[in-house]
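Some notes on the structure that comes next.
Since we're looking at a predicted model, the values are computed, not measured. Reckoned from all heavy atoms, side chains included, excluding hydrogens, waters and symmetry mates.
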Amino acid sequence: MVVETLMMELSWQTKQAEKQQRERENEYRKIKTGVDYGWLVSYPKQSYDISPGERLQLEDMCTKIHPSYCGPVILRFRQLVAEYEPEVQEVSRLFRSVLQEAAEKIKEEEEAKKLARQWNTKNKTSLSLTTFKSRSRISPFISDIKTISEDVERGTQPTRRVWSMPEFRNTKDY
């Protein structure tokens with residue numbers, strides 16, 4: 001369904017580009033000769049056709065477009081056609097660039113979803129995310145903390161711990 005819709009849009013835009021090209025040629029001819037013979041001329045229905053190989057490549061690219069992106073792709077394509085007013089031969093290249101943009105965007109979003117899924121399914125009990133409760137407590141301001149001056153006054157050897165660090169105790173001691 002997506003492929004058919006996008007290819008119909010391409011063929012319609014090709015016809016419109018061909019029509020605009022004929023109108024430009026008529027305007028140029030009218031300005032050049034000063035006479036309007038437009039009422040005499042009959043135009044073929046559609047003279048430009050995309051090559052079968054290119055059409056297959058475009059159809060293959062259309063299969064990669066998710067249905068939810070079909071509308072935005074068509075809108076972007078119409079916007080670019082209106083902005084650049086391409087020649088008939090350039091319409092398919094413009095369409096290809098829009099499809100490539102959409103495919104890249106889809107791929108980026110899938111990678112982002114994949115990373116998000118990996119992040120969410122990873123170990124949910126990460127230490128940084130959970131509250132860490134243990135039996136030991138850090139008590140930096142407890143009154144019975146030994147200081148170097150007390151050891152000097154008593155004349156005893158200081159223990160091996162670093163005095164600038166707080167003392168760790170078990171909760172059983174409290």
Side-chain angles (χ1 to χ4, degrees), residues 1-138 168 171:
M1 185 72 169
V2 173
V3 175
E4 293 171 12
T5 306
L6 292 173
M7 293 308 288
M8 281 176 37
E9 181 68 25
L10 173 63
S11 65
W12 184 78
Q13 291 294 343
T14 304
K15 288 176 188 177
Q16 289 299 106
E18 191 173 42
K19 182 180 172 184
Q20 286 179 348
Q21 188 173 354
R22 272 195 308 261
E23 289 173 359
R24 277 184 254 148
E25 288 171 359
N26 287 339
E27 288 295 319
Y28 175 73
R29 200 175 298 121
K30 195 186 303 183
I31 292 171
K32 186 178 175 186
T33 60
V35 182
D36 182 17
Y37 292 111
W39 56 275
L40 270 176
V41 179
S42 64
Y43 296 106
K45 292 290 181 190
Q46 185 179 5
S47 62
Y48 181 77
D49 202 16
I50 300 171
S51 70
E54 186 176 9
R55 184 172 194 80
L56 285 173
Q57 288 176 349
L58 291 172
E59 286 176 357
D60 182 51
M61 290 179 75
C62 288
T63 59
K64 297 174 184 170
I65 304 299
H66 193 269
S68 63
Y69 285 92
C70 188
V73 165
I74 290 172
L75 290 176
R76 177 74 176 143
F77 181 51
R78 288 179 182 174
Q79 178 187 13
L80 290 177
V81 167
E83 185 178 328
Y84 293 116
E85 295 181 0
E87 298 292 321
V88 179
Q89 300 82 5
E90 297 170 343
V91 173
S92 61
R93 286 189 294 248
L94 196 61
F95 186 64
R96 180 185 305 273
S97 70
V98 170
L99 291 176
Q100 286 173 340
E101 273 180 32
E104 288 171 4
K105 188 175 180 181
I106 290 170
K107 188 176 181 181
E108 288 173 4
E109 287 182 2
E110 286 176 356
E111 288 175 3
K113 285 180 183 176
K114 183 179 177 184
L115 287 174
R117 254 187 272 119
Q118 286 177 349
W119 182 258
N120 289 334
T121 58
K122 259 188 176 174
N123 188 3
K124 291 188 177 187
T125 58
S126 171
L127 290 177
S128 63
L129 299 175
T130 59
T131 56
F132 184 75
K133 292 195 176 192
S134 70
R135 286 186 239 151
S136 60
R137 292 192 179 180
I138 301 172
F168 292 90
T171 54

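Taking SG from C70 and CD1 from I65, the interatomic distance works out to 8.5 Å, rounded to the nearest 0.5 Å. Atom CZ of F95 and atom OG1 of T14 lie 9.0 Å apart (nearest 0.5 Å). For the atom pair OG1 (T5) and CG (L10), the distance works out to 12.5 Å, reported to the nearest 0.5 Å. The distance from atom CD of Q21 to atom CD of Q89, rounded to the nearest 0.5 Å, is 6.0 Å. Atom CG of L94 is separated from atom CZ of R76 by 8.5 Å, given to the nearest 0.5 angstrom. Put simply, CG on L80 and CD on E90 are 12.5 Å apart, with the number rounded to the nearest 0.5 Å.
Closest of all the heavy-atom pairs between I50 and S92 is CD1-CB, 4.2 Å. Closest of all the heavy-atom pairs between P86 and A17 is O-CB, 3.9 Å.
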### Task
Start with the C-alpha distance between K105 and E101, add both sets of side-chain angles, then the distance that settles side chain to side chain contact (heavy atoms under 4.5 Å, CB included), and finish with yes or no.
CA-CA 6 Å; K105 188 175 180 181; E101 273 180 32; over 6 Å; no
### Task
Quick one: do V91 and F77 satisfy side chain to side chain contact (heavy atoms under 4.5 Å, CB included)? Show the steps, please.
CA-CA 9 Å; V91 173; F77 181 51; 3.7 Å; yes
#### Entry: Full working for side chain to side chain contact (heavy atoms under 4.5 Å, CB included) between I106 and E110
CA-CA 6 Å; I106 290 170; E110 286 176 356; 3.6 Å; yes
### Query
What's the verdict on side chain to side chain contact (heavy atoms under 4.5 Å, CB included) for E87 and R24, showing C-alpha distance, side-chain angles and the deciding distance?
CA-CA 11 Å; E87 298 292 321; R24 277 184 254 148; 3.2 Å; yes
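A side-chain N or O of R29 and one of N26 form a donor-acceptor pair less than 3.5 Å apart.
Side chain of N120 to backbone of A116: a donor-acceptor contact under 3.5 angstrom is found.
For the pairing with R78, the side-chain hydrogen bond (donor to acceptor under 3.5 Å, both in side chains) check across Q16, E83, E9 returns one residue only, E9. Evaluated for a side chain to side chain contact (heavy atoms under 4.5 Å, CB included) with E111, the options K113, K107, E109 yield exactly one hit, K107.
Residues K15 and E18 are not paired through a salt bridge, judged by the lack of any N-O separation under 4.0 Å between the basic side chain and the carboxylate.
By the neighbour-count criterion of 12 heavy atoms within 6.0 Å, atom CD of E25 is densely surrounded, having more than that number from other residues, nucleotides or ligands.
Proximity of L6 to L99: side-chain heavy atoms (C-beta onward) are separated by under 4.5 Å at one or more points.
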